[in-house]
Amino acid sequence: MRIDALTARSIPDTRGRPTIEVTLQGSTLKATASVPSGKSTGSHEAFELRDEDGGVQTAVAHANGEIAQTIVGRQFDTLDELDTLLIELDGTPNKSRLGANAILAVSIAAQRLAAQLEGIPLWRAIATRAGTTPSAPRLYVNVMNGGVHADFRLPFQEYILVVEGATSEALPIAREVFAKLGEKLGNAPMGDEGGYAPTFATLEEPFDLLAPLVAEHSHTSIAIDAAASEFYKDGVYTLLSKAYSPDELTTVYRELTERFPIHSIEDPFSEDAARDFTRLTAAIGNPSTSLGAGKVLIVGDDLTVTNPSRIASAANTKEINAVLIKPNQIGSVKEAIEAVRATYAAGFVAIASHRSGETDDTFIADFAYGIGAHGIKAGGLGQKERLEKYERLLEIEQEAR
Ligand code: 2PG
Ligand code: MG
């Protein structure tokens, strides 16, 4: 593949913050990609380059300047060759010089352009590159937003409806549950990820509300992203003004999984609390859980940050049994695929994820389908940029026929 032109610019994300968009031209075709941005970011993530005022002009300038000078007019035999060149050009361990945001935007645009040049759907190109079997991911629809995504009106960051099956069957169920929940909640405000952001006085109430709606359908369950690094300080987790030790928090999770149909718990502890993860996974993450035949997934996000070596180390010490994959945590499609390989090598499932600051780029839908992800976190149904991911999955279902 030959890159003939590159242009980059700054566009607003769903929070109105600037992010980078890159367009690549190859032959007569053009492919555009933009990158999302997190708020509850893990400290071990790749470096998102921001100007002092929060803008991305420096990242845009790197893409239009150094990166364009290096890749435009050049022939690449493989996409890995292109990504490796970008990683080497940056030269830092966390992409802090050129910016992981600049590098990833180019990397995704290149993947999209290559698929277009080949005349195949993006998800198929990703599956071929990754050596994975494509399949429809479970929808992880974030119906209630809390934590830093909603000024901590709810203690955990995400209360998620999980729906299994083909997207054309799963999405109508998600829409129905989302609408019914909205009616029950009245005029609840919306959080960052397009889910409701109500306020409750106890830890159980959000589950008490959601569980009966989930029970109306088969193949549905509940997931949470605790995003516990955000309510952890000096050995103590604080939920609704009450302090919990790691052991007490373990009991909270155990009791919740006993009472409610919980399918997965993401980031139950802070990002460096590896031992607490291991204990929880041993307690409720194995098949002998009180959910009967079910298995609670303990998902690493801030813990593993889509980094193949952090995933391998979490596997060694049995900290988790599922991994969240966010391409912008690592900064290139090549390395995101390596993270998927590390996940599967450990015998874990992968859940592909958007970020809380999104754009209309639907790459994550193709990625989730292409890698045969267990699930896709793409947010609530109350925001256009989240809906676009689900709409893209519907299109993929047609393409895959
Ligand atoms: C998460 C994400 C996405 P953020 O913690 O999983 O839902 O949030 O993008 O703010 O890190
Ligand atoms: Mg998370």
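Every heavy atom of this structure was used, including side-chain atoms; hydrogens, water molecules and symmetry mates were not. Every number for a ligand or one of its atoms is a count from 1 in the order of the listing.
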Is [Y] paired with [X] through a side-chain N to carboxylate O contact shorter than 4.0 Å?
| X | Y | answer |
| --- | --- | --- |
| D4 | K30 | no |
| R15 | E358 | no |
| R392 | D360 | no |
| K377 | E193 | no |
| D366 | R124 | no |

Would you call the rings of F231 and Y237 parallel, tilted or perpendicular if under 30° counts as parallel and over 60° as perpendicular? perpendicular

T304, D267, D272 screened by side-chain contact (heavy atoms from CB on, under 4.5 Å) with F277, the one that passes: D267

Which protein non-hydrogen atom lies closest to [atom], naming both residue and atom, and how far is it?
| atom | answer |
| --- | --- |
| atom 5 (O) of ligand 1 | Q157 NE2, 2.9 Å |
| atom 11 (O) of ligand 1 | R355 NH2, 2.7 Å |
| atom 8 (O) of ligand 1 | H149 CE1, 3.2 Å |
| atom 4 (P) of ligand 1 | S356 OG, 3.4 Å |
| atom 1 (C) of ligand 1 | K326 NZ, 3.0 Å |
| atom 6 (O) of ligand 1 | K377 NZ, 2.7 Å |

In terms of atom number and element, which parts of ligand 1 are under 4.0 angstrom from non-hydrogen atoms of [X]?
| X | result |
| --- | --- |
| L324 | 6 (O) |
| K39 | 4 (P), 9 (O), 10 (O), 11 (O) |
| D225 | 1 (C), 5 (O), 6 (O) |

Provide the closest heavy-atom pair for I320 versus G300 in the form atom of the first, atom of the second, distance. CG2-N, 3.7 Å

Restricting to under 2.8 Å, identify the protein N, O or S atoms around the Mg ion (ligand 2) as residue plus atom. D225 OD2, E266 OE2, D301 OD2

Are F207 and Y159 close enough that their ring centres sit under 6.0 Å apart? yes

Indicate yes or no: does an N/O atom of S40 lie under 3.5 Å from an N/O atom of ligand 1? yes

Is the closest N or O pair between E193 and ligand 1 shorter than 3.5 Å? yes

So, K389 side chain and D361 main chain: donor-acceptor pair closer than 3.5 Å or not? yes

Going through the distances and angles, do E81 and K334 end up as a salt bridge (charged side-chain N to carboxylate O under 4.0 Å, His left out)? CA-CA 9 Å; E81 192 187 313; K334 174 177 181 282; over 6 Å; no

Using salt bridge (charged side-chain N to carboxylate O under 4.0 Å, His left out), reason through R355 and E45 one step at a time and then give a plain yes or no. CA-CA 13 Å; R355 298 305 303 249; E45 292 191 20; 3.2 Å; yes

Check each heavy atom of H354 against ligand 1 and say whether those closer than 4.0 Å belong to the side chain, the backbone, both or neither. both

